[in-house]
Amino acid sequence: MYPFEYLRPDSVAKAVAALDGEARYLAGGQSLVQSMKLRLSSASALVDLSAVDALSGVAREGSTVRIGAMTRHSEVARSADVRAAIPALADLANSIGDPMVRNMGTLGGSLANSDPAADYPAAVLGLGATVQTDRRPIAADDYFRDLFTTALEPGELIVSVGFPVPQRAAYVKFKQPASRFALVGVFVAQTTGGVRVAVTGVRSHAFRVPAMEQALARDFRPEAVAGIRIDAAGCNSDLHGSAEYRAAMVTVMAKRAVEKALAG
Ligand SMILES: Cc1cc2nc3c(=O)[nH]c(=O)nc-3n(C[C@H](O)[C@H](O)[C@H](O)COP(=O)(O)OP(=O)(O)OC[C@H]3O[C@@H](n4cnc5c(N)ncnc54)[C@H](O)[C@@H]3O)c2cc1C
């Protein structure tokens, strides 16, 4: 690991002010510290967000559930508000990694990192959530840009995410057995504004499947998506699964997600 300074501000304003030059925010360290240990990344300073109370917690705000960026996956999984309003989101959080990862990893860290196989991007896109930063709201449809690349500007801090409460929703993933990251994950949500289908693990970043959304808006049953295939071109391919395999699994996981949503 290369040497770095360590800072622990206690407010959003101080955290943002501390992030100059080559400094990086530190959430739970689940991705950042490992890549620094391997010297794949470095930072002049780590700005630890763990003392900024305003970044943690879950609150129900009318038809939205707002979750602070520093809220750990285990807190989302256990939250009574999340379980009551969006049980699919609590289930998703509970499916991430192992207990240690869930006790340290955060919503904001996951979204800032934007790993192509991460679970939260499917929920953010599938629910049409809004990523609130220290300077602006970013709609989910504008947030995910490319491999490990988001709409965040240098130094921009994720403060919270507002998740609209759906009529029903479900998340199903086919797991990489060692890490439990998604080889293929599909989030389906039926909302007052229509149906959304979001996929993770399959391309460079999470994406929606409009053909499935339109079919499910007409007929919200697994059969409606059974014949819809996404193009394998541009899908990830590795020792765990070819592009063709991942593309085919999107249909399988989408059917299962609709079944699960209907089962409530
Ligand atoms: C063994 C293992 C298994 C895992 N399995 C899964 C899995 O099954 N599914 C899954 O989705 N994920 C999985 N993860 C990822 C994990 O859940 C974390 O979400 C992810 O590693 C980010 O960690 P973190 O929150 O500690 O952020 P950090 O590692 O501290 O930070 C990650 C990046 O985000 C930036 N950042 C952090 N917070 C903010 C913020 N508020 N605003 C702006 N930038 C910020 C940091 O500067 C850094 O660049 C796994 C990780 C490990 C180590």
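All values reported here derive from a predicted model rather than from experimental measurement. Note that ligands are numbered from 1 as they come in the structure, with each ligand's atoms numbered from 1 the same way.
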Novice: Atom 47 (O) of ligand 1: which protein heavy atom is closest, and how many Å away?
Specialist: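 Minimum-distance protein heavy atom for atom 47 (O) of ligand 1 reads Y25 O, 2.6 Å.
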Novice: How about Y245 and H240: are their ring centres within less than 6.0 Å of each other?
Specialist: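 Y245 vs H240: aromatic centres not under 6.0 Å.
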Novice: Is any side-chain heavy atom of S160 closer than 4.5 Å to one of L55?
Specialist: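 Heavy-atom side-chain distance check fails, nothing below 4.5 Å.
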Novice: Tell me, which protein residue and heavy-atom name are nearest atom 5 (N) of ligand 1, and how many Å apart are they?
Specialist: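 Residue, atom and distance for the closest contact: S179 O, 3.2 Å.
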Novice: State yes or no: do I230 and V172 share one hydrophobic cluster built from I, L, V, M, F, W and Y residues joined by side-chain heavy-atom distances below 4.5 Å, directly or via other members?
Specialist: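 Shared cluster, yes.
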Novice: Of the protein's non-hydrogen atoms, which lies at the shortest distance from atom 17 (O) of ligand 1, and what is that distance?
Specialist: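 It is H73 NE2, 2.9 Å.
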Novice: Give the numbers and elements of all ligand 1 atoms closer than 4.0 Å to a heavy atom of D119.
Specialist: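 Listed by number with element: 7 (C), 8 (O), 9 (N), 10 (C), 11 (O).
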Novice: Which residue and non-hydrogen atom of the protein lie closest to atom 12 (N) of ligand 1, and at what distance in Å?
Specialist: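 That would be F181 CE2, 3.2 Å.
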Novice: Look at R102 together with D98 and state whether they make a salt bridge at an N to O cut-off of under 4.0 Å.
Specialist: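 Salt bridge: no.
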Novice: Among all protein heavy atoms, pick the one closest to atom 51 (C) of ligand 1 and tell me residue, atom and distance.
Specialist: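 Result for atom 51 (C) of ligand 1: V101 CG1, 3.8 Å.
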Novice: Do the side chains of D146 and R203 get close enough for a salt bridge, i.e. N-O under 4.0 angstrom?
Specialist: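 Here D146 does not pair with R203 in a salt bridge, since their nearest N and O are not under 4.0 Å apart.
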Novice: Considering only protein heavy atoms, which is closest to atom 45 (C) of ligand 1, and at what distance to one decimal place?
Specialist: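 Nearest neighbour among protein heavy atoms for atom 45 (C) of ligand 1, to 0.1 Å: A112 CB, 3.5 Å.
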Novice: For atom 41 (N) of ligand 1, what is the nearest protein heavy atom, given as residue, atom name and distance?
Specialist: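 Looking only at protein heavy atoms, the one closest to atom 41 (N) of ligand 1 is I158 O, 3.0 Å.
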Novice: If the cut-off is 4.0 Å to any non-hydrogen atom of A69, which atoms of ligand 1 fall inside it?
Specialist: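 Once the distances to A69 are compared, the set is 41 (N).
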Novice: Starting from atom 8 (O) of ligand 1, which protein heavy atom do you reach first, and at what distance in Å?
Specialist: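 For this ligand atom, the closest protein heavy atom is R180 O, 2.7 Å.
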Novice: Near A27, which atoms of ligand 1 are under 4.0 Å from a heavy atom of that residue?
Specialist: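 This gives 25 (O), 27 (O), 30 (O), 37 (C), 38 (N) as the contact atoms.
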Novice: State whether F163 and R66 meet the cation-pi test: NZ (Lys) or CZ (Arg) under 6.0 Å from the six-membered ring centroid, and within 45° of the perpendicular axis.
Specialist: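 Not flagged: R66 not positioned over aromatic ring of F163.
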Novice: Salt bridge or not between D119 and K173? Use side-chain N to carboxylate O under 4.0 Å.
Specialist: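 Salt bridge between D119 and K173, a charged N being under 4.0 Å from a carboxylate O: yes.
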